[in-house]
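So the structure is just underneath, and the comments pick up after that.
Remember, predicted model here, so these are calculated numbers, not experimental data. The chain is numbered in sequence order, starting from 1.
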Amino acid sequence: MKKIFNMLFYVLKFILLIAAFGLTLFVLIRMNIRLEKNMASIIQELIPFAILLLLFIVNLIFKQDGVNKNLFYNLTSCLVFVTIVLVALRAILDTNMVLNGKYGYGIDFNFFANFVAYIKIMLYGLSIANILFMIRERKRTIEKSKEA
């Protein structure tokens, strides 16, 4: 049962990463268009997504079982991405928000802007956890080779 849930969350985290990145990019682009800012200013918010994607690719290529087969990490990744998706969707779709109706942009940018810092914290936290699980797995393989 653990293997089934782990595989489900493992596949789901990639799908949710793409959805979270796409929705965040959409809201940030619309926000910069409204503020008439340069598009290069959204790079800071997208760097954690790029780091996490790079780490996921490294885990996939080098078959890091310490990360890939960790049910807790996969579940946490899914929860983080679901949170980001829900925040973005609420900023876009919730018509009962005061600023959404007042300004008529169709997106409540202030609601989303309040969560950008938390989104970064969650994504950097996942990246750090990923690196720590990779290091732990590496130490285990070194210890096993020394014992043999």
Item to check | Sub-4.5 Å side-chain heavy-atom contact between Thr24 and Val116 | outcome: no
Can you list, pair by pair, the side-chain donor-acceptor contacts under 3.5 Å of residues 68-88, counting residues two or more places apart and other chains?
{"from": "Asn68", "atom 1": "ND2", "to": "Asn59", "atom 2": "O", "distance (Å)": "3.1"}
{"from": "Asn68", "atom 1": "ND2", "to": "Gln64", "atom 2": "O", "distance (Å)": "3.4"}
{"from": "Asn70", "atom 1": "OD1", "to": "Phe72", "atom 2": "N", "distance (Å)": "3.2"}
{"from": "Asn70", "atom 1": "OD1", "to": "Tyr73", "atom 2": "N", "distance (Å)": "3.4"}
{"from": "Tyr73", "atom 1": "OH", "to": "Leu126", "atom 2": "O", "distance (Å)": "3.2"}
{"from": "Tyr73", "atom 1": "OH", "to": "Asn130", "atom 2": "ND2", "distance (Å)": "3.3"}
{"from": "Asn74", "atom 1": "OD1", "to": "Lys13", "atom 2": "NZ", "distance (Å)": "3.0"}
{"from": "Asn74", "atom 1": "ND2", "to": "Asn6", "atom 2": "OD1", "distance (Å)": "2.5"}
{"from": "Asn74", "atom 1": "ND2", "to": "Asn68", "atom 2": "O", "distance (Å)": "3.1"}
{"from": "Asn74", "atom 1": "ND2", "to": "Asn70", "atom 2": "O", "distance (Å)": "3.3"}
{"from": "Thr76", "atom 1": "OG1", "to": "Phe72", "atom 2": "O", "distance (Å)": "2.7"}
{"from": "Ser77", "atom 1": "OG", "to": "Tyr73", "atom 2": "O", "distance (Å)": "2.9"}
{"from": "Thr83", "atom 1": "OG1", "to": "Leu79", "atom 2": "O", "distance (Å)": "2.7"}

Next on the checklist: If hydrophobic clusters are built from ILVMFWY residues whose side chains come within less than 4.5 Å, do Phe56 and Leu60 share one?
Outcome noted: yes
Item to check | Row check, Phe109 ring normal vs Arg30 NZ/CZ: under 6.0 Å, within 45° | outcome: no
Checklist entry - What is the distance from atom NZ of Lys120 to atom OG of Ser127, rounded to the nearest 0.5 Å? => result 13.0 Å
Next on the checklist: Is there a continuous path of hydrophobic side-chain contacts, each under 4.5 Å between heavy atoms, that joins Ile33 to Ile107?
Outcome noted: yes
Next on the checklist: Would you say OH of Tyr124 has more than 12 non-hydrogen atoms from neighbouring residues, nucleotides or ligands within 6.0 angstrom?
Outcome noted: yes
Checklist entry - In Å and rounded to the nearest 0.5 Å, what is the CG to CG distance from Asn38 to Asn32? => result 8.0 Å
Checklist entry - How are the rings of Tyr10 and Phe14 set relative to one another: parallel (under 30°), tilted (30 to 60°) or perpendicular (over 60°)? => result perpendicular
Checklist outcome for this item: In this structure, NZ of Lys63 is separated from CD of Glu137 (nearest 0.5 Å) by 14.0 Å
Next on the checklist: Is it true that, when you exclude Arg136 itself, more than 12 heavy atoms of the residues, nucleotides or ligands shown sit nearer than 6.0 Å to its CZ?
Outcome noted: yes
Next on the checklist: Can you confirm whether Phe21 sits close enough to Leu46 that some side-chain heavy atom of one is under 4.5 Å from a side-chain heavy atom of the other?
Outcome noted: yes
Next on the checklist: Quick check on the hydrophobic clustering: are Leu28 and Leu35 connected, directly or via other members, by side-chain heavy-atom contacts under 4.5 Å?
Outcome noted: yes
Checklist entry - Do you reckon Ile142 sits in the same ILVMFWY cluster as Met134, going by side-chain contacts under 4.5 Å, direct or chained? => result no
Checklist entry - Can you tell me how far the OH atom of Tyr118 sits from the CZ atom of Phe115, to the nearest 0.5 Å? => result 8.0 Å
Checklist entry - Under a single-linkage definition using a 4.5 Å side-chain heavy-atom cutoff for Ile, Leu, Val, Met, Phe, Trp and Tyr, are Leu54 and Ile119 assigned to the same hydrophobic cluster? => result no
Checklist entry - If you measure from CE on Met31 to CG on Asn110, what distance do you get to the nearest 0.5 Å? => result 8.0 Å
